[in-house]
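First comes the structure, then the notes that go with it.
Basis for what follows: all heavy atoms, side chains included, without hydrogens, waters or symmetry-related copies. We name chains A, B, ... by the order of the sequence lines, and we start the count at 1 in each one.
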Amino acid sequence: MTTAHLNDTELQLYITDPQIISQQITNHMQDCAICQSRVAEYILILNNIKTAAKPVFDFDLSALVMEQLPVPKRAFPWAAIIVPVFSIAIVAVSLIFFLSAAAMSFKAVSGLWLTVAIAGAVTILIFQGIEMFREHQKRVDAILNRKILQL
Amino acid sequence: MSNQSKNNLTDQQLVDSVLRGDRHAFGLIIKRSEGLVAQIIFKMISNPGDRKDIAQDVFLKVFKNLSGFKFKSKLTTWIGQITYNTCLHYIEKKKLVLLDNFGTDDELQTDNISENLQNSSDEILFNKELAGIINSEIERLKPLYKMLICLFHQDDLSYAEIAEITSLPEGTVKSYVFRARNILKVNIQSRYKRNEL
């Protein structure tokens, strides 16, 4: 058995990494009251550290940070402006150049064909409207889910 | 999404959500890592007035650099690293001392004091004010020592994780933690003896 008392490194290893200490040290610890007492001191200190209250901020860090996060810059809605303007321009130009020809076409087309064409157009519009409504509902649900997640 | 599934989100899912513009996911990241950030800041920064600014600064840096996070470590470890570096920068700026030359003479009069106090060690151990003494002695340690000892013993981080946070070699971290425990023990014994006298 080792008669010399353990140094502080060995004492700490005995507590924190008992699997790597030598058998000699283990044997010494079993018989040495002084080293046992010193180990007990360490254990008491370390247990006190472990059970001590952890520091916490006395302010709402999350709220403070969130209000400082850079707001994502919204891109200028080019598409939302260009598409309608371009569409209106095309319709306007078409009307200017082909108004007389269009009037003649409508006169030439029978009432039946005109009804069929309008009914077809209305049907397509209805389906598109339903699809838009569904898409809108999906997005609303996603936003609501996100708010629930926040709560 | 329920609170439970919200808590089950992985680091990858959280980061992806934030990068897609979900700011609430970032709130969740803050909640998850706030404890570690507080531990590091409280141990390294003694001025309470500066802690608030540093904590905010840390998370603004995290937000700014989140797209560069490579998932090579846990997200909290990466945030701990940013916190530690931010505190280091503050300490350098204020010309404070993180860790002096280990104070081998004045701080670490180890075995002799320990032996001298052996007779009173039982009293030390069972002093009802021991917890208070230990807390105040931890506060008197050098910032790096008190942070390392608390990360290891309170937050249960491994030497490897602490090494990652501090960018110190694992062996150095281990050695510092050993030294910190030793200084703490000696100081507690010294203080107790002084009070008794």
Side-chain angles (χ1 to χ4, degrees), chain A residues 4-17 20 32-75 141-151, chain B residues 1-3 5-6 21-28 30-31 34-35 37-39 41-43 48 51-52 55-56 58-60 62-64 108 110-111 114-115 118 121-122 124-126 130-131 133-135 137-138 149-150 152-156 175 177-179 181-182 184-186 188-189:
Chain A
H5 293 307
L6 306 188
N7 62 32
D8 270 282
T9 305
E10 289 168 331
L11 289 172
Q12 290 188 34
L13 277 177
Y14 183 80
I15 300 164
T16 58
D17 299 290
I20 64 167
C32 178
I34 291 175
C35 287
Q36 284 172 6
S37 164
R38 292 172 69 198
V39 162
E41 288 171 11
Y42 265 120
I43 289 174
L44 193 65
I45 291 172
L46 298 183
N47 285 344
N48 266 281
I49 297 173
K50 197 170 184 66
T51 54
K54 291 184 182 180
V56 285
F57 293 118
D58 57 358
F59 51 88
D60 187 347
L61 178 61
S62 182
L64 269 177
V65 173
M66 295 302 271
E67 71 188 24
Q68 289 182 63
L69 290 185
V71 179
K73 285 181 186 171
R74 291 192 171 199
D141 287 346
I143 290 167
L144 287 176
N145 278 340
R146 207 173 281 173
K147 283 192 174 170
I148 290 167
L149 186 130
Q150 185 189 11
L151 296 172
Chain B
M1 191 180 286
S2 70
N3 273 343
S5 53
K6 183 176 76 174
D22 183 354
R23 293 156 69 93
H24 304 305
F26 192 68
L28 198 53
I30 295 175
K31 293 280 179 212
E34 192 177 341
V37 170
Q39 183 73 279
I41 291 177
F42 271 76
K43 294 297 174 285
R51 289 174 182 158
K52 191 173 179 178
Q56 292 177 75
V58 164
F59 281 105
L60 292 175
V62 169
F63 185 79
K64 193 177 162 194
L108 248 179
T110 54
D111 286 342
S114 184
E115 294 291 340
Q118 202 59 59
S121 59
D122 282 349
I124 295 173
L125 299 181
F126 296 104
L130 183 62
I133 292 172
I134 290 173
N135 282 338
E137 285 305 324
I138 288 176
I149 206 167
C150 287
F152 188 81
H153 289 290
Q154 273 198 327
D155 291 71
D156 292 324
S175 154
V177 172
F178 269 71
R179 198 179 290 267
R181 287 188 204 115
N182 197 357
L184 185 63
K185 179 169 163 272
V186 169
I188 288 167
Q189 290 174 328

- prompt: Do the side chain of Gln68(A) and the main chain of Leu60(B) share a donor and acceptor less than 3.5 angstrom apart?
  reply: no
statement: Taken to the nearest 0.5 Å, the spacing of Ile188(B) CD1 from Ile138(B) CD1 works out to 7.5 Å
task: Select one option (side chain, backbone, both, neither) describing which atoms of Thr51(A) are under 4.5 Å from chain B's heavy atoms.
output: neither
Engaged part of Ala63(A) at the chain B interface, taking heavy atoms whose separation is under 4.5 Å: neither
message: I need the residue from Ala53(A), Pro55(A), Ala52(A) with the largest number of non-hydrogen atom pairs under 4.5 Å to chain B.
response: Pro55(A)
field: Side chain, backbone, both or neither of Phe42(B) within contact of chain A (heavy atoms, under 4.5 Å)
entry: side chain
task: Give, as side chain, backbone, both or neither, the part of Asp155(B) having an atom under 4.5 angstrom from any heavy atom of chain A.
output: both
message: Determine whether a donor-acceptor pair (N or O, by modelled atom type, separation under 3.5 Å) exists between the side chain of Asp17(A) and the backbone of Leu13(A).
response: no
- request: Flag the pair Asp58(A) and Lys52(B) as a salt bridge only when some basic side-chain nitrogen lies within less than 4.0 angstrom of an acidic carboxylate oxygen.
  value: no
- request: May I ask you to decide whether Arg38(A) forms a salt bridge with Asp8(A), counting only side-chain N to carboxylate O separations under 4.0 Å?
  value: yes
